[in-house]
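Pasting a structure below so you can have a look.
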Amino acid sequence: MESTPAGRRGILAWASIVVATAAIAIVVWVVTTLGATLVHLHPAYPVVLGAVLLIAPLALWRNIVRRVRRRGWRAVARAVTLVLAAACVAAIAWLKPFAAAQPALTAMRSDAFVRVIETATQITMAPRGETAPAAQREVGVFFQPGALVDARAYAAVLRPLARAGHPIVIAKQPLNIAFLATGAFDAARDAHPAVTSWVLGGHSLGGTVAALQADSGQTTSRAPAVGLLLYASYPAGDLSSSLRIPVESISGSRDGLATPAKISASRSDLPADTRFTVIRGASHAQFGSYGPQPGDREPTIPDQDARTQIAAASLSFLAVISAEGGSGR
């Protein structure tokens, strides 16, 4: 290791300064733009932001104060570390979630009909009172949000299900990625022992993961999966033979991500008696309340109309399962 003349730095030092500065700027941007949304996310993302905000200034200071040029394997190791750090900075920016918007925020409030409880890892919407038949109270809905979407964004579209008598659990996913929350269904079952059977649902990537969870959870003896509810989603592989529970696929004709063509192609991957409901004029983002989404198409119906139709189709599906005593087929 050799010191360079004062005022001179190697290219790796300058690159490190740029990456560290970018990391600080991106964290500040994320915190500023998300604001209070951060405290409603799964703790994993805020913890990552905090770690970067601690490490990046230290790296910046070291590269400004210590004018050191590394050679040989030390330079190679530093270059690799720098590439990984740059990738981490890019990932932090990409992982910035879509924040929940109205009317989902209003739907997060408890009232005389639905009690809303929010924890660090899930949102529960529980029907209040004994107005709903026992068959409905015993059939819960476990829901996986779409990728990079604030879990609260689904409160408005799912609240009618809770008001009809079905306990609703919305998972908060680490880094807002459903594949990182595969154990959330088991946690929900443990937390709600009064629910004897579950319909697993999800939006977009969340529906893909919910399909896998439903496939594995349909054979459990305690609180099994008795239905699969897909919002603008489809399974990652062929479940047409292994999935032996009712399935409802609700999609939008203006969806630019889970396009009508992709939904149509998913028919062969789902059981033959799967119900397909298409909401005419609805887009991908209208299955939640989080604003427009890149790659999506412009909807031709109002958000409220889309939510009403999605909730109605979901309730119709749940009514069939409840009438069968939560036993599936």
Problem - Same apolar cluster (I L V M F W Y, side chains within < 4.5 Å links), V141/I117 - result: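 Different clusters: V141 never reaches I117 through Ile, Leu, Val, Met, Phe, Trp or Tyr contacts under 4.5 Å.
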
Problem - Interatomic distance, L243 atom CG to Q218 atom CD [nearest 0.5 angstrom] - result: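 Atom-to-atom, L243:CG and Q218:CD are 5.0 Å apart.
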
Problem - Any donor-acceptor pair under 3.5 Å from Q102 side chain to T106 backbone - result: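 Yes, Q102 side chain to T106 backbone: donor-acceptor pair under 3.5 Å.
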
Practice task
Measure from the side-chain N and O atoms of E298 to the backbone N and O of S283, and report whether any donor-acceptor pair falls under 3.5 Å.
Solution key: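 Checking the backbone N and O of S283 against the side chain of E298, no donor-acceptor pair under 3.5 Å is found.
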
Practice task
Measure up the F185 and W198 rings against each other and bin them: parallel (under 30°), tilted (30 to 60°), perpendicular (over 60°).
Solution key: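 Perpendicular.
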
Handout entry: L229 side chain reached by L200 side chain, heavy atoms, under 4.5 Å
Key =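 With C-beta onward as the side chain, the pair stays apart.
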
Practice task
Identify the heavy atoms of R152 and D150 that sit nearest to each other, and give their distance.
Solution key: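 Heavy-atom minimum between the residues: NH2-OD2, 2.8 Å.
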
Exercise for the section: Could you tell me whether R280 and D305 make a salt bridge, using a distance below 4.0 angstrom between a side-chain N and a carboxylate O? Expected result: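 Salt bridge absent between R280 and D305.
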
Practice task
Could you tell me the separation between the CG atom of D269 and the CG atom of D238, rounded to the nearest 0.5 Å?
Solution key: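 Rounded to the nearest 0.5 Å, the CG-CG separation comes to 5.0 Å.
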
Exercise for the section: Establish, for the pair R275 and F317, whether the NZ or CZ atom is under 6.0 angstrom from the six-membered ring centre and no further than 45 degrees off its axis. Expected result: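 Negative - R275 is either too far from the ring of F317 or too far off its axis.
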
Practice task
Could you give me the CA-CA distance, side-chain angles and deciding distance for K172 and I123, then say whether side-chain contact (heavy atoms from CB on, under 4.5 Å) is met?
Solution key: CA-CA 7 Å; K172 289 187 177 182; I123 297 168; 3.9 Å; yes

Problem - Rounded distance [0.5 Å steps], CD1 in I168 versus CE in M125 - result: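 It comes to 7.5 Å.
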
Practice task
Take F143 and Y231, measure what ring-ring contact (aromatic ring centres under 6.0 Å, His included) needs, and give me the verdict at the end.
Solution key: CA-CA 10 Å; F143 192 85; Y231 283 1; 5.4 Å; yes

Problem - Any V83 side-chain heavy atom under 4.5 Å of V80 side chain - result: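 With C-beta onward as the side chain, the pair stays apart.
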
Problem - Close side-chain approach of P103 to S289, heavy-atom, < 4.5 Å - result: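 In short, these two side chains touch, coming nearer than 4.5 Å.
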
Handout entry: Within-4.5 Å side-chain heavy-atom neighbours: L148 and K96
Key =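 L148 does not reach K96 side chain to side chain.
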
Exercise for the section: Without swapping roles, check the side chain of S197 against the backbone of P224 for a donor-acceptor pair under 3.5 Å. Expected result: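 No; zero donor-acceptor contacts below 3.5 Å.
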
Practice task
Calculate, to the nearest 0.5 Å, the distance between atoms CZ and NE2 belonging to F142 and H192 respectively.
Solution key: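 Rounded to the nearest 0.5 Å, the CZ-NE2 separation comes to 10.0 Å.
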
Handout entry: Axial cation check for F113 ring with R163, 6.0 Å and 45° limits
Key =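 Yes, a cation-pi geometry.
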
Practice task
I would like to know whether I250 and Q309 meet side-chain contact (heavy atoms from CB on, under 4.5 Å); could you show each step before the answer?
Solution key: CA-CA 10 Å; I250 307 175; Q309 293 184 57; over 6 Å; no

Problem - Where A151 and A171 come nearest, the two heavy atoms and their spacing - result: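 Looking at all heavy atoms of both residues, the shortest contact is CB-O, 3.6 Å.
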
Handout entry: Verdict with supporting geometry, R307 and Q286, side-chain contact (heavy atoms from CB on, under 4.5 Å)
Key = CA-CA 7 Å; R307 279 191 300 274; Q286 285 184 313; over 6 Å; no

Practice task
Answer with yes or no whether the hydrophobic clustering places L257 together with Y290; edges join I, L, V, M, F, W, Y residues whose side-chain heavy atoms lie under 4.5 Å apart.
Solution key: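 Unlinked, L257 and Y290 end up in two clusters.
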
Exercise for the section: List the atom of Q144, the atom of A181, and the distance in Å for their closest heavy-atom pair. Expected result: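 Here Q144 and A181 meet closest at NE2-O, 3.2 Å.
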
Exercise for the section: Please confirm whether the backbone N or O of G256 pairs with a side-chain atom of T259, one donor and one acceptor, at under 3.5 Å? Expected result: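 Such a contact is absent between T259 side chain and G256 backbone.
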
Handout entry: Spacing of I26 atom CD1 and L53 atom CG [to the nearest 0.5 Å]
Key =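 With rounding to 0.5 Å, CD1 (I26) is 12.5 Å from CG (L53).
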
Problem - T81 (side chain) donor-acceptor with A77 (main chain) under 3.5 angstrom - result: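 Between the backbone of A77 and the side chain of T81 there is a qualifying donor-acceptor contact (under 3.5 Å).
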
Handout entry: Side chain proximity check, I170 to Q122, heavy atoms < 4.5 angstrom
Key =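 No - every pair of side-chain heavy atoms lies 4.5 Å or more apart.
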
Practice task
State, to 0.1 Å, how close A214 and L228 come at their nearest heavy-atom pair, and which atoms those are.
Solution key: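 Nearest heavy atoms, A214 then L228: CB-CD1, 4.2 Å.
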
Handout entry: Main-chain N/O of A261 paired with S264 side-chain donor or acceptor, under 3.5 Å
Key =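 Not a single qualifying donor-acceptor pair exists.
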
Problem - N/O donor-acceptor pair under 3.5 Å between S216 side chain and L212 backbone - result: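 Yes; judged by distance alone, with no hydrogens or angles, the pair exists.
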
Problem - Flag side-chain contact, heavy atom, 4.5 Å: D296 against H284 - result: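 Counting from C-beta outward, D296 and H284 do come under 4.5 Å.
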
Exercise for the section: Flag yes if L60 and I55 sit in one hydrophobic cluster, no otherwise; membership is Ile, Leu, Val, Met, Phe, Trp, Tyr, and two members link when side-chain heavy atoms are under 4.5 Å apart. Expected result: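 Per the 4.5 Å side-chain linkage, L60 and I55 are not co-clustered.
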
Practice task
Could you grab the distance from atom OG1 of T277 to atom CG of L230, nearest 0.5 Å is fine?
Solution key: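 If I round to the nearest 0.5 Å, the distance is 11.0 Å.
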
Problem - N176 vs V149 side-chain heavy atoms within contact, under 4.5 Å - result: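 They are not in side-chain contact.
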
Problem - Heavy-atom side-chain proximity of V116 to T124 below 4.5 angstrom - result: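 With C-beta onward as the side chain, the pair stays apart.
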
Practice task
Please check if the side chain of T32 supplies one atom and the backbone of W29 the other of a donor-acceptor pair under 3.5 Å.
Solution key: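 No: the side chain of T32 does not pair with the backbone of W29.
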
Practice task
Kindly work out whether a path of hydrophobic side-chain contacts (I/L/V/M/F/W/Y, heavy atoms less than 4.5 Å apart) joins V27 to L41.
Solution key: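 Per the 4.5 Å side-chain linkage, V27 and L41 are co-clustered.
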
Practice task
Give the intermediate values and the outcome of side-chain contact (heavy atoms from CB on, under 4.5 Å) for residues I263 and F276.
Solution key: CA-CA 9 Å; I263 296 297; F276 285 85; 4.1 Å; yes

Practice task
Kindly say whether A59 contributes a backbone atom to a donor-acceptor pair with the side chain of N63 at under 3.5 angstrom?
Solution key: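 Checked: pair present.
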
Practice task
For the pair H203 (side chain) and P145 (backbone), establish whether a donor and an acceptor sit closer than 3.5 Å, ignoring hydrogens and angles.
Solution key: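 Here the side-chain-to-backbone pair does not exist.
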
Practice task
Decide whether V30 and V47 are clustered together by the hydrophobic rule: side chain heavy atoms of Ile, Leu, Val, Met, Phe, Trp, Tyr closer than 4.5 Å, transitively.
Solution key: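 Per the 4.5 Å side-chain linkage, V30 and V47 are not co-clustered.
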
Exercise for the section: Over all heavy atoms of both residues, which pair between S233 and S249 is shortest? Give the atoms and the distance, please. Expected result: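 Answer, listing the atom of S233 first, then S249: O-OG, 4.3 Å.
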
Practice task
Please report the closest heavy-atom contact between G252 and V278, naming both atoms and the distance.
Solution key: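 Shortest heavy-atom separation between G252 and V278 comes out as C-CG1, 4.4 Å.
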
Handout entry: N-O pairing of D111 and R159 below 4.0 Å
Key =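 Here D111 pairs with R159 in a salt bridge, since their nearest N and O are under 4.0 Å apart.
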
Handout entry: Verdict with supporting geometry, R244 and T219, side chain to side chain donor-acceptor pair (under 3.5 Å)
Key = CA-CA 9 Å; R244 299 181 298 278; T219 57; 5.8 Å; no

Problem - For L49, the option from L34, I92, L95 that meets side chain to side chain contact (heavy atoms under 4.5 Å, CB included) - result: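 Exactly one pass, corresponding to I92.
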
